[in-house]
There are 4 protein chains.
Amino acid sequence: MRAASAKRQRLMAAAAQVVHQQGAERTTIADIARAADVPVGNVYYYFKTKDELVAAALAEHSRHLRDLTERLERLPDPRERLKGLVETWVGQRDLAARYGCPTGTLAAELDKRDEGGLDAEAGKVIRLLLEWAEQQFRELGLPEPDGLALTLVGAYQGMSLLANALRDPQIMTREGARLIGWLDSLV
Amino acid sequence: MRAASAKRQRLMAAAAQVVHQQGAERTTIADIARAADVPVGNVYYYFKTKDELVAAALAEHSRHLRDLTERLERLPDPRERLKGLVETWVGQRDLAARYGCPTGTLAAELDKRDEGGLDAEAGKVIRLLLEWAEQQFRELGLPEPDGLALTLVGAYQGMSLLANALRDPQIMTREGARLIGWLDSLV
Amino acid sequence: MRAASAKRQRLMAAAAQVVHQQGAERTTIADIARAADVPVGNVYYYFKTKDELVAAALAEHSRHLRDLTERLERLPDPRERLKGLVETWVGQRDLAARYGCPTGTLAAELDKRDEGGLDAEAGKVIRLLLEWAEQQFRELGLPEPDGLALTLVGAYQGMSLLANALRDPQIMTREGARLIGWLDSLV
Amino acid sequence: MRAASAKRQRLMAAAAQVVHQQGAERTTIADIARAADVPVGNVYYYFKTKDELVAAALAEHSRHLRDLTERLERLPDPRERLKGLVETWVGQRDLAARYGCPTGTLAAELDKRDEGGLDAEAGKVIRLLLEWAEQQFRELGLPEPDGLALTLVGAYQGMSLLANALRDPQIMTREGARLIGWLDSLV
DNA sequence: CATGAATGAGCCTTCATTCAT
DNA sequence: CATGAATGAAGGCTCATTCAT
């Protein structure tokens, strides 16, 4: 991977944010350049195509996810880690109600494509989350940790989508509380 | 609402299908016209703007939903109706794994827009489903039927998104089975 | 000329009005059809092309002009006729301030065209007015009646254009008064 | 106002000329691009919409007018300035007979519009001419200089329109001579 | 003649990408 | 590496005109 110059870094962050807010299709290179305060013509020295910029946005989300899980792993109890994850989601309820889950909405958008392989890229980020959750469930000694992870992450994607579609952050709060209860109930 | 001529009907069906597969943004009027076997210029006789066509696609999904719930309502037991709903979802697992839930992905895409009011339109269709589910839970005499509906529909959206992102229809099967079990466990 | 059925008559009147208000280029066949309350597809039984409709608008203005001059000719004194003409112009000051002289603005628009011969058609209507005015000046025994007609009609076109461009009907009143004074001063 | 690059300047000149000849409505962006020898897509780098190009054409005419009045102001006598103005008009008789007064015909066309505000813009250019003429009449110590300006400019617009409608440059010569005589007669 | 529907050419505009300096 | 400018391929939409019934 190329050295992450300040400008490149700025472009990635801008891409992540703008694409989350506007969607990949409606986002123009100029939008991202403006948000990153980089001249349009210069963008292409860091990212050869628009798809690379979208991939960068995805990588940025991936990095955020890694940061989050690393922070959560400082908690000794896997159950607490999972509950911390849910609390983080609920903490971002306003953003979710406005623009949905950054990775989920992007994945949904990219999965409509036939070419470019970006769809698989989005799947990978989601898989990272799934695997991390699975690992926690496994450490708790629970059966079918992969199925539990699927249920947890699926619930997150579902509640984000509903909160977004209905423009109601309360949905995040409500379903978040239910998930916390569910996590506590697992033995 | 306008009388649905055969051609108009064909355009609506084509719009629903093509938009589901390609997304609203990547779908061109020409794509829909081709799928409906209608000359491009003629499309505008039935729908004045592209947005109207997207709204028509949404209406088509809404109609499908109504057809489905009407069919399910022939079942005497609300619990069976809900289980039938889940089975329908699982039955469409291949489509969901390829393109996601038609309404959910469209809602996610439209919610990125600032103008046009189509985002609210998508929310309405999802709300229809929520309300129908809520009604079934209510008839079962369960507490907080609205919360249960949220959980059910959220699970559907989540599993569709995961199945789509991971290109794995088995996710629909697996989570579907879990939902059936959950429905059976509710007292 | 074809027999003027009621519908054809309505289309001519509508064409004259709508073209005056919107200009020939911005006026669609549908606009005229709507104003005349005639189905779009039916228009072509009366006018084979849009140009024919514009020509019809011109003919309508020509007819209005003939009506006006015939009315004025009931006055015994040619000078009074000419003053009556000016008074008529001033009486239409609000329309002129909003849309200009129907014939003048149409002539200006059509004169930009290379083909179709409609430009010459517009010139003919203006020439009718010029010739009528010239005849009055001649009857007054004034020298160079054609030059006087040119001055009078030119003043009318100029004041209409200025009133229109500055959206000020007062210009019509002011210049009209001046023209009356001028007519009175001619010996 | 933006710095006028050579290409932008070329586009403005081309817009002024082509719009004068064809009218704003019949002029396509491609026409202007071709006349300026600029690729179509590139036009939008300088002018965001077609309306901006029309406004640029108007500004170009405004600039021409300013150049002319500045040149005329080198003459010591205001009356000579006004006569010089008329002579300039007569000098352009062939252009006027073919396409009318650039500003006047454009104003007439734009005044048919309801939106965009371009109509007011055209009015401003005409007002500039009126105000300059008024100033000259004022310096001559004549009463009602604004009325005199209206008469002069109105006569110009009228004779341009008639010359154009009748395709006869002689009208410019004839009416120009009359205006010269009129200017000389004012005391 | 009547009429809703059909057709296709053309226009404005956007934008990813490339180029010259 | 920087940057403003250039380029061309679409895409949405309008509309005069024609057609089928």
Side-chain angles (χ1 to χ4, degrees), chain A residues 2-3 5-8 24-33 37-54, chain B residues 2-3 5-8 11 24-33 36-54, chain C residues 2-3 5-8 24-33 37-54, chain D residues 2-3 5-8 11 24-33 36-54:
Chain A
R2 201 156 173 182
S5 77
K7 225 181 247 187
R8 184 183 165 86
E25 218 62 51
R26 288 176 88 89
T27 296
T28 69
I29 301 277
D31 286 338
I32 296 173
D37 198 34
V38 167
V40 189
N42 200 0
V43 172
Y44 282 81
Y45 276 89
Y46 298 95
F47 302 94
K48 274 187 240 315
T49 64
K50 183 180 177 182
D51 274 9
E52 278 191 24
L53 260 173
V54 174
Chain B
R2 200 159 171 180
S5 75
K7 210 182 258 189
R8 185 185 165 86
L11 280 167
E25 219 63 51
R26 286 177 88 88
T27 297
T28 70
I29 300 278
D31 288 338
I32 296 174
D37 196 35
V38 167
V40 188
N42 196 10
V43 173
Y44 285 87
Y45 186 82
Y46 297 95
F47 301 94
K48 267 180 255 311
T49 64
K50 183 180 175 183
D51 272 12
E52 274 192 27
L53 260 174
V54 175
Chain C
R2 203 157 171 182
S5 77
K7 224 183 248 188
R8 184 184 165 86
E25 218 63 49
R26 288 176 88 88
T27 296
T28 69
I29 301 277
D31 286 338
I32 296 173
D37 198 35
V38 168
V40 189
N42 200 359
V43 172
Y44 282 81
Y45 276 89
Y46 298 95
F47 302 95
K48 273 187 240 317
T49 65
K50 184 180 176 182
D51 274 9
E52 278 191 23
L53 260 173
V54 175
Chain D
R2 199 160 172 182
S5 76
K7 209 182 258 188
R8 186 186 165 85
L11 281 167
E25 219 64 51
R26 286 176 87 88
T27 296
T28 70
I29 300 279
D31 287 338
I32 296 174
D37 196 35
V38 166
V40 188
N42 196 11
V43 172
Y44 284 84
Y45 185 82
Y46 297 95
F47 301 94
K48 267 182 256 308
T49 64
K50 183 181 175 183
D51 272 12
E52 274 192 26
L53 260 174
V54 175

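Keep in mind it's a predicted model, so treat the numbers as computed, not measured. A note on names: the letters A, B, ... follow the listed sequences, proteins ahead of strands, and every chain is numbered from 1. All heavy atoms count here, side chains included; hydrogens, waters and symmetry mates do not.
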Self-check item: Residues in side chain to side chain donor-acceptor pair (under 3.5 Å) contact with Thr49(D), at least two apart in sequence or another chain
Solution: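 None.
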Provide, to the nearest angstrom, the distance between the [atom1] atom belonging to [X] and the [atom2] atom belonging to [N].
X: Asp51(C); N: dC15(F); atom1: CG; atom2: C1'; value: 14 Å
X: Phe47(A); N: dC1(F); atom1: CZ; atom2: C1'; value: 15 Å
X: Leu11(B); N: dT7(E); atom1: CG; atom2: P; value: 12 Å
X: Ile32(B); N: dG11(F); atom1: CD1; atom2: P; value: 12 Å
X: Ile29(D); N: dG8(F); atom1: CD1; atom2: C1'; value: 16 Å
X: Glu25(A); N: dA16(E); atom1: CD; atom2: P; value: 9 Å
X: Arg26(B); N: dC15(E); atom1: CZ; atom2: P; value: 15 Å

Less than 4.0 angstrom between a side-chain N/O of [X] and OP1 or OP2 of [N], yes or no?
X: Tyr44(C); N: dT17(F); value: yes
X: Lys7(A); N: dC1(F); value: no
X: Asn42(D); N: dA5(F); value: no

Exercise. Mind checking the CG-CG spacing from Leu11(D) to Asn42(D)? Nearest 0.5 Å is all I need.
Key: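 That separation rounds to 7.5 Å.
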Quiz item: Which sits closer to the 5' end of DNA chain E, Pro39(C) or Lys50(A), going by the nucleotide each is nearest to?
Solution: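 Looking at DNA chain E, the more 5' nearest nucleotide goes with Pro39(C).
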Quiz item: Given that Val40(C) and Gly41(A) both sit by DNA chain E, which one's nearest nucleotide is further toward the 5' end?
Solution: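 Per heavy-atom nearest nucleotide, the more 5' residue is Val40(C).
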Quiz item: Between dC13(F), dT3(F), dA20(F), which one does the side chain of Tyr45(C) approach most closely?
Solution: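 That would be dA20(F).
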Practice problem: When you get a sec, tell me which of dT17(F), dA6(E), dG12(F) is the closest nucleotide to the side chain of Thr28(B)? | Solution: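 The listed nucleotide nearest to Thr28(B)'s side chain is dG12(F).
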Self-check item: DNA chain E base-pair string [pairs: Watson-Crick or G-U under 3.5 Å; |: paired with another strand]
Solution: .||||||||||||||||||||
Do [X] and [Y] have side chains that get closer than 4.5 Å, going by heavy atoms?
X: Asp31(C); Y: Arg26(C); value: no
X: Arg8(C); Y: Tyr45(C); value: no
X: Val40(A); Y: Tyr44(A); value: no

Quiz item: Does Thr49(B) or Ala30(C) map to a spot on DNA chain F nearer the 5' end, using the closest nucleotide for each?
Solution: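 The residue mapped nearer the 5' terminus is Thr49(B).
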Quiz item: Do any N or O atoms from the side chain of Lys50(C) and from the backbone of Ala24(C) form a donor-acceptor pair under 3.5 angstrom?
Solution: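 Looks like yes, one N/O pair under 3.5 Å.
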Quiz item: Of all heavy-atom pairs between Pro39(D) and Ala33(D), which one has the smallest distance, and what is that distance?
Solution: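 Heavy atoms of Pro39(D) and Ala33(D) come nearest at C-CB, 4.4 Å.
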